[in-house]
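A quick note: this is a predicted structure, and the numbers were derived from the prediction, not measured. The chains referred to below are lettered A, B, ... by the order of the sequence lines, with proteins before strands, and numbering in each begins at 1.
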Number of protein chains: 2
Amino acid sequence: MSGNALYDYLERLTSLMRAWSREHPLLAELQPVQVSALHYLSRCNGYSNTPMAVTEYLGLTKGTVSQSLKVLEHKGLIRKQPDPQDKRSVHLELTGEGTALLEALTPPAFLQQAAEALGLRGEMLEALLRELLVTIQRQQDVPSFGLCGSCRFHERREEGPFCGLTRQPLASGAERLICREHESA
Amino acid sequence: MSGNALYDYLERLTSLMRAWSREHPLLAELQPVQVSALHYLSRCNGYSNTPMAVTEYLGLTKGTVSQSLKVLEHKGLIRKQPDPQDKRSVHLELTGEGTALLEALTPPAFLQQAAEALGLRGEMLEALLRELLVTIQRQQDVPSFGLCGSCRFHERREEGPFCGLTRQPLASGAERLICREHESA
DNA sequence: TTGAATATGTATCGATTCGATACTTAATCA
DNA sequence: TGATTAAGTATCGAATCGATACATATTCAA
């Protein structure tokens with residue numbers, strides 16, 4: 001019975017997010033899934049900004065995502081850069097316009113206000129939600145899409161952060177970005 | 001910065017729910033929004049099972065919802081009953097098939113398992129999510145869709161529960177159902 | 001090193017969602 | 001009684017989405 005109320009609340013929150021997204025003037029011309037893709041692209045690292053990574057993150061098929069990305073590109077919110085190593089692959093980056101749009105509306109004001117009103121309890125909620133996600137990922141063998149700095153391949157060297165999987169040094173600040181290759185420590 | 005991580009986690013949870021829904025054999029032929037509507041209809045009271053109530057709950061337009069409900073009816077998952085008082089209005093009830101489908105898949109197993117693994121912390125998460133929703137509703141003047149028993153019109157009389165708004169006695173068990181007229185005490 | 005298997009990404013099709021608009025019918029209220 | 005409001009449906013066009021098929025590039029084994 002306990003998980004049932006959790007599901008109820010998440011359903012309700014989803015509905016509220018949808019209503020908010022539909023009413024917001026900046027988002028009226030964007031579909032919810034496009035906003036999700038933009039949001040992911042703004043928070044992931046250079047290994048994780050490909051169409052396939054977006055596909056895995058959103059839980060859709062690559063064909064569907066390809067279409068949505070085409071729309072975003074056509075609207076001037078993202079830009080495609082061919083991968084110098086793998087000529088099949090493409091990297092997606094936000095344009096200035098895309099970044100500005102996203103900064104103007106995330107996080108949703110109604111969420112931020114409510115979280116602030118909860119104070120310490122809001123921070124606790126955040127921590128518990130995070131714990132729930134980690135638990136799900138461990139139980140379900142689902143790609144974790146965690147932050148680079150919390151990965152078991154992450155090394156803190158004297159010269160700076162380093163990825164033990166790709167054997168390459170990382171830019172400073174990379175620790176806070178989402179990585180599709182992330183594996184819990 | 002605090003509300004931002006909250007948004008990240010909710011986005012990720014939404015993606016996980018979508019992926020789960022797409023992979024589940026019983027849901028393969030149902031759209032996520034149809035599942036949401038079914039779920040709502042299974043948890044609301046007799047004042048709240050109309051197309052307009054579903055529209056408000058989901059944050060969509062009545063035209064859109066009308067179409068989705070037509071699909072659900074055509075699939076034999078819900079049934080329409082004309083309102084005896086208001087001849088414009090229609091009440092929606094789940095068929096046996098609809099009830100069976102919903103019971104087979106809610107709450108999602110992966111959510112329930114993770115919540116159980118968290119134990120007491122899972123219950124705390126539930127309570128905090130509930131608090132977040134109440135806070136949002138108070139701040140944003142959004143319809144609360146709360147449980148009948150927590151409404152300021154709810155009366156506990158000797159003969160049984162009673163609604164002070166419609167001035168009618170309620171069936172026992174009604175306290176646990178969602179009401180579109182709900183107002184916090 | 002050649003060839004099969006695999007991976008990334010795109011194109012197309014049909015069913016569905018979704019908002020906008022217009023419409024019908026019924027209830028409400030002045 | 002008549003105007004306004006409300007519930008619900010129908011239709012249209014744009015977009016999502018999954019399925020399928022396809023082109024290109026990489027990998028890996030023989």
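Remark: A:Glu158 CD is loosely packed, at most 12 non-hydrogen atoms of other residues, nucleotides or ligands lying under 6.0 Å away.
Whole-Å rounding puts the B:Leu69 CG to D:dG8 P distance at 9 Å. One atom, CE of A:Met52, and another, C1' of C:dT10, lie 13 Å apart when rounded to the nearest Å. Rounded to an integer number of Å, the gap from A:Leu72 CG to D:dA15 P is 12 Å. The distance between atom NZ of B:Lys75 and atom C1' of C:dA15, rounded to the nearest whole Å, is 10 Å. Atom-to-atom, CG of B:Asp83 to P of D:dA6 comes out at 17 Å; the value is rounded to the nearest Å. Whole-Å rounding puts the B:Gln85 CD to C:dA27 P distance at 10 Å. Rounded to a whole Å, the CG atom of B:Leu58 is 12 Å from the C1' atom of C:dT17.
When atom types are taken as modelled, the side chain of A:Thr55 and the backbone of A:Pro51 share a donor-acceptor pair closer than 3.5 angstrom.
When each of C:dT10, D:dG8, D:dA10 is scored by its nearest atom to the side-chain atoms of B:Lys70, the top-ranked nucleotide is D:dA10. Taking the side chain of A:Val90 as heavy atoms from C-beta on, and the options C:dC18, C:dG9, D:dG8, the nearest nucleotide is C:dG9. Relative to the side chain of B:Lys87, the nucleotides C:dA27, D:dT26, D:dG8 differ in distance, and C:dA27 lies closest. Taking every side-chain heavy atom of B:Ser68 into account, C:dC18 is the closest of C:dA26, C:dC18, C:dT10. When distances are taken from the side chain of A:Val33 to each of D:dT16, D:dT9, C:dA11, the shortest belongs to D:dT16.
For the 3.5 Å distance criterion, the side chains of A:Ser68 and A:Gln34 fail to qualify, holding no donor opposite an acceptor. Side chains of A:Thr50 and A:His91: a donor-acceptor N/O pair is absent below 3.5 angstrom, by distance only.
Contact annotation: A:Thr50 does not reach the phosphate of C:dT8 (side-chain N/O to OP1 or OP2, under 4.0 Å). Note on B:Ser89: a side-chain N or O is less than 4.0 Å away from OP1 or OP2 of D:dG8.
You'll find the side chain of B:Leu38 reaches within 4.5 Å of the side chain of B:Leu30, heavy atoms only.
Under 3.5 Å, the side chain of B:Arg88 and the base of D:dA6 form at least one donor-acceptor pair of N or O atoms.
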What does the list of N/O pairs under 3.5 Å between the protein and nucleotides 18-22 of chain D look like, with a distance for each?
residue : atom : partner : partner atom : Å
D:dG18  : OP1  : B:Arg22 : NE           : 3.0
D:dG18  : OP2  : A:Thr61 : N            : 3.3
D:dG18  : OP2  : A:Thr64 : OG1          : 3.3
D:dG18  : N7   : A:Thr64 : OG1          : 3.0

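The residue among A:Val71 and B:Glu56 whose nearest nucleotide of DNA chain D lies closer to the 5′ end is B:Glu56. Across the interface with DNA chain C, nearest-nucleotide mapping of A:Gln31 and A:Lys80 shows A:Lys80 to be the residue nearer the 5′ end.
The existence of a salt bridge linking A:Arg121 and B:Glu131 is confirmed by a sub-4.0 Å separation between a basic side-chain nitrogen and an acidic carboxylate oxygen.
Exactly one residue among A:Glu181, A:Gln168, A:Arg180 makes a side-chain hydrogen bond (donor to acceptor under 3.5 Å, both in side chains) with A:Tyr47. That residue is A:Gln168.
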